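Model, not experiment: these values are computed from the prediction. Chain naming here is simple, since letters A, B, ... match the order of the sequence lines and numbering starts at 1 in each.
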Amino acid sequence: MEPKISEKAWNPELEKKILQQWEEDKIYDFTPQDDNYTIDTPPPYPSGRPWHIGAAAHYSQIDMIARTARMAGKNVYFPIGIDRNGLPVELYTEKKHKIRMRETERGEFLNLCREALDDLEAEMILIMKSLGISGDFANYYRTDSKEYRALTQSTFIELWKKGQVYLANRPNNYDWVSGTTIADAEIIYEDLATKLVYMKFKIKDTDQEIIIASTRPELLCACRTIIVNPDDERYSKYIGKKIIVPITNAEVELRTHHSAQQEFGSGAVMVCSYGDQNDVSLFRELKLEEIVAIGLDGRMTEVAGEYAGLKPKQARTKIIEDLETEGLLDKVEDIVHRTPVSERSKTPIEIIPMEEYYLKQKEAVEKIKKLGQEITFHPSMHKQILMNWLDSINIDWPISRRRYYGTEIPIWYCKKCSEPHVPEPGKYYRPWEEKCPITNCSKCDSTEFVGEERTFDTWMDSSVSPLYISKFKRDDEFFKKVYPASIRPQAKDIVRTWLYYTLLRCEQLTGEKPWSEAWIMGYGLDEKGMKMSKSKGNAIDPLPVIEKLGADTFRFWSASEINHGYDFRCNEQKIESTKKFLSKLWNVSRFLSSFPVIESAKLSASDEWILAEVDKLVKECKKGYEVYNFFIPAIAIREFTWNVFAAHYIEMVKARAYGIDFSDEERDGAIFTLHKTLSTILKLLAPITPFITEHLWKELYSKNSIHKEKQVESENIEDKSNVTKEISEFNSKVWNEKKSQNLSLKDSIKIEIPKSLEPFKKDLKSMHNLLD
RNA sequence: GGGCUCAUAGUCCAGGUCGGUUAUGACGUCGCCCUUACACGGCGAAGAUCCGGGGUUCAAAUCCCCGUGGGCCCA
């Protein structure tokens, strides 16, 4: 009997053909019905956000969600998008062409960015496709398309009209390298080496002095007060006294405030506009008048006197020298300081008062909390990330950015009276180069306007993804059918940004939650357990791995190694060793391909036993698939296929299946059961390894795709795992006995079969060549 | 400083809700074996004071408390 499958091992090259077939047959096409399963797929950012092996694993798993849902009988809408707005591509373009954004004509710069994105996007699509992602590539969207940006702008205009947007001059986080304001969510903290400078401040009309330690001596010119802790007895005699600021000789008052820590430095703290967030709140609380010491160019302003024009770091060095010369320097310590830096440019941020647009969010916190409670999180523990973030929100969301490659803020200002005007929603506007669509100023009737030059924070775009994919305001019928979406899969690190902002915006615009489930994945870590990222240089490129080992191997690794929601370590060798399981599956199938597929048969005890084990496996897999945790089915299927089905059952029934010394009826029972078991394994595995299961399915069972099949349901067969244990113990006993007697496995031996295994006697005898 | 989370063989990981055999499986290592699906295999072996300390209990990897260390997030 020749096996129908002749090749000895799974060849990943076959994946390309299968992919092509899927595309030709359009098997993943979506037509909206009354009930749909919509996935709010994260649109990856080409180049900027890390697109490494962890991300590839992430998208593989998102695809498993889609396939699981499809096999559960759902009508799955799995859109694919590419996120193309934002700073990373601007930095990339500046570097690639050795140009500066602000010194390049805006239109030209945007074109260069677009070209760069096109290249990077092509590679990204290639990776996603070769991973076997079953998304809607034919209609993939871009967040910088006219349609998408028109949506971002329309939603802004709507919120503007509702009074949710306002302009305010506030201390802002400013990234002077990128030349833009950034949101709190875009700040990360890094331990940086710096100098803690102890300075001598004279007390007015006395010859006494106090020591004040600061990491920002260059802000002396912006110092407005000195605070000490009310419990700090060292300074109680100076409270209310005037203190002379060194270098500037300005006079400030010494007062008490609980935020001054007695242990830090000398216990006395200078409050300047603005050294850190604490300064900001103190200025507000004590109603101090701010002094702008650092300008938008990241350099000291004229208030810094002779230090004007220097960068803060240069000014700091010079001031330390000058303090020393004038004998006002006590000492300098080298310390490591937790410094807020821009997540994108990695430079320490400055806090500078600027006029920016804000979207109201503070008053929405309670509503969003409630909405969050209604959403099922997988795993549930990650809901806490959202709740913690909601608790820490204390300012509105600054949404304007002084950048080019983003969605333009659709506002024109009257040249005469500066009144802002927003156009009608529905179109994509570019105020920096287009004429104002409004003819007369509503306030002064003037006809001349000037366009806003700023763009939106990219989360303004990303946060409407559920609205874009559901064709909000573009196709009402479609929208009604697919919104709210079913699930938002995403990574853990952007819960406080993407997930939160989406909740906020969709609630503001639709009054509804954007999805009913959120599926949160952990980070890809390197072999040492550190978070993988491009900037750290520890990222592994997924493409060579996939090309070498095939997508299924990679996907099975991702399912079997990543317990859902937890961080996972990536190791190339580990991925490679996963391939063995696919080989095993292949060879089991190859063996079975020697036998015809039988519709029904009379079953023997062994057959009933393995089918009970199969049923147990079906139940176990269902447990995992129900919560989209692929770790559970992957481990269970591997364990069953390898260590139960192949190791024991197949060995037991091999002779029977060949019909050697067995009746036709007995033979058919074995063949039927072998195929029933394998076809079940293939279906259970289909969402995880779609290629090999498709290939084997078509070779053995059907002309039609396995991905059109419904998932196997449990038949509620009684658990027989105690039999499994006895069988494997008996088999081990025989193997060990033969070994100790130096017998070959095919040699005959005399070993008593235990009473409990009596029903399996004939199979066991033929398996081990047992003598009576 | 606060929060989330983790700690089990050389490596990765299961078990933990609901305490109870000999602590699961994989990778790796070492031995033996070509046995008509598979040497990308089979069989077997070695390898774990379940992070430390205390408590509850007849019984703790599991529950409680206190530490220590890692990762991530926030201030």
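- Residue T578(A) is out of contact with every strand shown, counting any heavy-atom pair closer than 4.0 Å.
- In this structure, N643(A) reaches the sugar-phosphate backbone alone: every heavy-atom distance under 4.0 Å involves primed, P, OP1 or OP2 atoms, never a base.
- Between G3(B) and C13(B), the two P atoms lie 25 Å apart (nearest whole Å).
- OP1 or OP2 of G41(B) has not a single side-chain nitrogen or oxygen of S583(A) nearer than 4.0 Å.
- The base of C27(B) lies outside donor-acceptor range of the side chain of S577(A), with no N or O pair under 3.5 Å.
- Under the 30°/60° scheme for interplanar angles, the aromatic rings of H768(A) and F730(A) are found to stand perpendicular.
- Side-chain proximity of V588(A) to C40(B), C27(B), A37(B): nearest is A37(B).
- When both pairing distances are held under 3.5 Å, G44(B) makes a Watson-Crick or G-U pair with C30(B).
- Among the nucleotides A37(B), U35(B), C43(B), the one closest to any side-chain atom of A647(A) is C43(B).
- Contact annotation: side chain of K584(A) to base of C38(B), donor-acceptor pair present below 3.5 Å.
- In this structure, the CD atom of E737(A) is 13 Å from the P atom of G44(B), given to the nearest Å.
- Checked by atom type and distance alone, the side chain of R555(A) pairs as donor or acceptor with a backbone atom of P687(A) at under 3.5 Å.
- As rounded to whole Å, 17 Å separates atom P of G25(B) from atom CD of E561(A).
- In this pair, Y649(A) and W609(A) present their aromatic rings tilted. The plane angle is within the 30 to 60° band.
- Remark: the separation of the C1' atoms in A9(B) and U49(B) is 13 Å, to the nearest Å.
- Here C43(B) is the nucleotide among G42(B), C43(B), U35(B) with the atom lying nearest to any side-chain atom of W735(A).
- Across C40(B) and A26(B), the matching C1' atoms stand 15 Å from one another, rounded to whole Å.
- In this model, the phosphate group of A14(B) is not approached by any side-chain N or O of Y566(A) to a distance below 4.0 Å at OP1 or OP2.
- Between the D279(A) side chain and the V271(A) main chain, no donor and acceptor come within less than 3.5 Å of each other.
- Nucleotide G1(B) forms a pair with C74(B), judged by Watson-Crick or G-U wobble geometry with both contacts under 3.5 Å.
- To the nearest angstrom, P of A26(B) lies 16 Å from CG of L582(A).
- Distance from the side chain of K8(A) is smallest for C38(B) among the nucleotides C38(B), G25(B), U35(B).
- In this entry C63(B) has G55(B) as its Watson-Crick or G-U wobble partner, both defining distances falling under 3.5 Å.
- Among the nucleotides A37(B), C40(B), U5(B), the one closest to any side-chain atom of A646(A) is A37(B).
- As rounded to whole Å, 7 Å separates atom C1' of C4(B) from atom CD1 of I385(A).
- Minimum atom distance to the side chain of W642(A) is reached by C27(B), of the listed G44(B), C27(B), C40(B).
- Whole-Å rounding puts the N736(A) CG to G44(B) P distance at 6 Å.
- Between K654(A) and G42(B), a side-chain N or O to OP1/OP2 separation shorter than 4.0 Å is absent.
- In this structure, C38(B) makes no Watson-Crick or G-U wobble pair, since no nucleotide meets both defining distances under 3.5 angstrom.
- Taking the C1' atoms as reference points, G54(B) lies 27 Å from G71(B), given to the whole Å.
- Among the nucleotides U21(B), C4(B), G31(B), the one closest to any side-chain atom of K739(A) is G31(B).
- Tested against E737(A) for a side-chain hydrogen bond (donor to acceptor under 3.5 Å, both in side chains), the candidates K733(A), K739(A), Q741(A) yield a single pass: Q741(A).
- The aromatic rings of Y500(A) and W389(A) sit perpendicular to each other, their planes meeting at more than 60°, with 30° as the lower class boundary.
- Ranking A26(B), G44(B), G28(B) by closeness to the K580(A) side chain, first place goes to G28(B).
- Comparing the P positions of A45(B) and C6(B) gives a spacing of 34 Å, expressed to the nearest Å.
- Here, G28(B) and G47(B) have their C1' atoms 11 Å apart, quoted to the whole Å.
- Ring geometry, H695(A) versus W586(A): the interplanar angle falls under 30°, so the pair is classed parallel (tilted spans 30 to 60°).
- Taking a cutoff of 4.0 Å between a charged side-chain nitrogen and a carboxylate oxygen, K623(A) and E620(A) qualify as a salt bridge.
- Between E639(A) and S560(A), the residue whose closest nucleotide on RNA chain B is further toward the 5' end is S560(A).
- Base-pair partner of U24(B): not found among the strands shown (Watson-Crick or G-U wobble, both distances under 3.5 Å).
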Original post:
Where do W498(A) and Q490(A) land on the side chain to side chain contact (heavy atoms under 4.5 Å, CB included) test, with the steps shown first?
Top reply: CA-CA 9 Å; W498(A) 193 37; Q490(A) 64 158 75; 3.3 Å; yes
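- In this structure, W557(A) atom CH2 and C13(B) atom P are separated by 11 Å, rounded to whole Å.
- At whole-Å resolution of the value, CZ in F556(A) and P in C27(B) are 11 Å apart.
- Listed candidates were G3(B), C27(B), A37(B). Nearest to the side chain of N388(A) is G3(B).
- When Watson-Crick and G-U wobble pairs are counted only if both distances are under 3.5 Å, A7(B) pairs with U68(B).
- Projected onto RNA chain B by closest heavy-atom contact, K733(A) and K725(A) fall at different nucleotides, the more 5' of which corresponds to K725(A).
- To the nearest whole angstrom, the two C1' atoms, one in A60(B) and one in G2(B), are 31 Å apart.
- A donor-acceptor contact under 3.5 angstrom links the side-chain atoms of E651(A) to the base of A37(B).
- Per the geometry, CD belonging to Q741(A) stands 16 Å off C1' belonging to C32(B), to the nearest Å.
- Closest to the side chain of Q384(A), from the set G44(B), C40(B), C4(B), is C4(B).
- Within 4.0 Å of F581(A), counting heavy atoms only, lies no atom of the nucleic acid at all.
- Using N1 to N3 plus N6-O4 or O6-N4 for Watson-Crick, or N1-O2 and O6-N3 for G-U wobble, each under 3.5 Å, C13(B) pairs with nothing.
- Across the P atoms, U62(B) and U8(B) are found 14 Å apart, a figure rounded to whole Å.
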